[in-house]
Amino acid sequence: MNVPTPRELFRQFETGQISRADFQAAMAEHQKELIEEMDEAYRNPLAAFVDQVYNRAAAFVLVCKHGESTVREVLNALGDLHDFPPARHLWNALHTHVPLFCFFRTKTEPLFRILKMETKAQLIVVTVEHGSAAKGGVKTEEIRLRRLRTGQWIEDWRG
């Protein structure tokens with residue numbers, strides 16, 4: 001799907017780059033994708049439950065090590081990366097009413113896992129896995145995020 005992330009769509013709409021109709025049509029694509037996932041979870045509740053257990057465990061481990069606010073800030077910064085495929089699922093990571101485990105996709109495609117996260121005062125190095133579960137479809141990336149004086153996290157380096 002070549003539709004920009006919801007965050008990018010909001011920016012484009014607010015700056016007048018796209019019309020209200022274009023914004024609504026693009027957001028409808030995201031809505032359709034979410035409804036398909038909910039329908040799949042309804043059709044196969046056992047698999048959805050197992051996925052949720054793994055996702056909750058992944059979130060729990062990161063929160064215990066780094067704290068919920070730091071994990072949310074990292075997910076938000078990753079959601080801001082333009083050429084990062086999981087960004088489409090991370091765009092609202094700062095919204096505390098959305099449970100943290102919802103942003104992890106340990107078993108469901110497209111996969112998104114945080115393998116390692118090292119935090120320092122102004123620097124975070126995060127190793128993520130994302131992509132298809134098929135053989136050779138998972139991509140591992142190390143992303144270094146640097147905090148600006150404004151408090152915003154930006155991509156410093158990716159490898």
Side-chain angles (χ1 to χ4, degrees), residues 1-10 27 29-148 151-159:
M1 182 184 291
N2 293 333
V3 178
T5 67
R7 187 179 297 166
E8 290 171 339
L9 289 171
F10 279 113
M27 288 300 283
E29 290 296 319
H30 288 287
Q31 178 184 9
K32 182 177 155 187
E33 183 180 315
L34 285 172
I35 290 171
E36 287 172 2
E37 284 188 24
M38 290 173 10
D39 189 41
E40 177 61 32
Y42 179 77
R43 282 186 270 126
N44 196 347
L46 184 58
F49 175 74
V50 171
D51 287 346
Q52 189 181 101
V53 168
Y54 280 106
N55 295 343
R56 283 180 184 267
F60 179 77
V61 167
L62 286 170
V63 167
C64 286
K65 276 186 163 179
H66 306 286
E68 183 174 350
S69 62
T70 301
V71 174
R72 285 188 183 274
E73 284 182 349
V74 168
L75 293 174
N76 184 60
L78 293 174
D80 247 352
L81 302 179
H82 296 290
D83 57 344
F84 188 61
R88 64 185 307 104
H89 299 287
L90 303 174
W91 68 276
N92 62 343
L94 286 182
H95 297 185
T96 55
H97 63 279
V98 179
L100 196 55
F101 73 89
C102 293
F103 301 107
F104 296 93
R105 303 173 68 86
T106 54
K107 300 289 181 190
T108 306
E109 288 193 20
L111 300 176
F112 175 72
R113 304 177 188 130
I114 293 182
L115 302 177
K116 188 168 91 174
M117 195 162 98
E118 299 172 24
T119 58
K120 296 181 181 158
Q122 302 298 318
L123 183 73
I124 292 180
V125 180
V126 61
T127 305
V128 298
E129 240 180 18
H130 61 87
S132 170
K135 188 173 182 177
V138 176
K139 184 176 182 183
T140 304
E141 288 187 80
E142 183 175 279
I143 301 169
R144 188 167 52 192
L145 303 168
R146 182 174 45 89
R147 186 186 297 270
L148 298 177
Q152 178 185 8
W153 290 99
I154 62 163
E155 179 182 3
D156 190 40
W157 177 83
R158 191 187 310 190

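Throughout, numbering of the chain's residues begins at 1 and tracks the sequence.
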Item to check | Phe104 vs Ile114, side chain to side chain contact (heavy atoms under 4.5 Å, CB included): CA-CA, chis, key distance, verdict | outcome: CA-CA 8 Å; Phe104 296 93; Ile114 293 182; 3.9 Å; yes

Next on the checklist: Quick test of your reading: applying salt bridge (charged side-chain N to carboxylate O under 4.0 Å, His left out), list the pairs with at least one residue in residues 92-110, sequence neighbours left out, ordered by first then second residue.
Outcome noted: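 Checked against salt bridge (charged side-chain N to carboxylate O under 4.0 Å, His left out) - neighbours excluded - the pairs reaching residues 92-110 are Glu37-Arg105.
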
For [X] against [Y], the heavy-atom pair lying closest together:
X	Y	result
Val63	Val71	N-CG2, 4.2 Å
Arg147	Ala121	NE-O, 4.0 Å
Phe112	Phe103	CD2-O, 3.4 Å
Asn76	Ala93	N-CB, 3.8 Å
His130	Pro86	CB-CG, 3.4 Å
Ala48	Ala41	CB-CB, 3.8 Å

Can you check whether [Y]'s main-chain N or O pairs, donor with acceptor, with [X]'s side chain at less than 3.5 Å?
X	Y	answer
Arg56	Phe101	no
Asn55	Thr106	yes
Arg72	His95	yes
Arg7	Trp91	yes
His66	Val61	no
Arg88	Thr5	no

For the atom pair [atom1] ([X]) and [atom2] ([Y]), what is the distance rounded to the nearest 0.5 Å?
X	Y	atom1	atom2	result
Asn92	Cys102	CG	SG	9.0 Å
Asp80	Glu155	CG	CD	10.5 Å
Glu73	Leu145	CD	CG	10.5 Å
Leu148	Gln122	CG	CD	9.5 Å
Leu34	Lys32	CG	NZ	12.5 Å
Glu118	Leu123	CD	CG	9.0 Å

Checklist entry - Given the rule in the side chain to side chain contact (heavy atoms under 4.5 Å, CB included) test, do Thr119 and Val74 qualify, once you have shown the distances and angles that lead to the verdict? => result CA-CA 10 Å; Thr119 58; Val74 168; 5.7 Å; no

Next on the checklist: Once salt bridge (charged side-chain N to carboxylate O under 4.0 Å, His left out) is applied, do any residues pair with Lys120, and if so which ones, sequence neighbours excluded?
Outcome noted: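 By the salt bridge (charged side-chain N to carboxylate O under 4.0 Å, His left out) rule, Lys120 matches no residue at all.
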
Checklist entry - Who pairs with Arg144 by salt bridge (charged side-chain N to carboxylate O under 4.0 Å, His left out), at least two apart in sequence or on another chain? => result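 Listed in chain order: Asp156.
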
Item to check | CA sep, side-chain torsions, deciding dist, call: Leu9, His30, side chain to side chain contact (heavy atoms under 4.5 Å, CB included) | outcome: CA-CA 11 Å; Leu9 289 171; His30 288 287; 3.9 Å; yes

Next on the checklist: Would you say that Trp157 contacts Glu142 through its side chain, given a criterion of any heavy-atom pair below 4.5 Å between the two side chains?
Outcome noted: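 Trp157 reaches Glu142 side chain to side chain.
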
Checklist entry - Does the side chain of Leu100 reach to within under 4.5 Å of the side chain of Leu62, using non-hydrogen atoms? => result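 Leu100 does not reach Leu62 side chain to side chain.
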
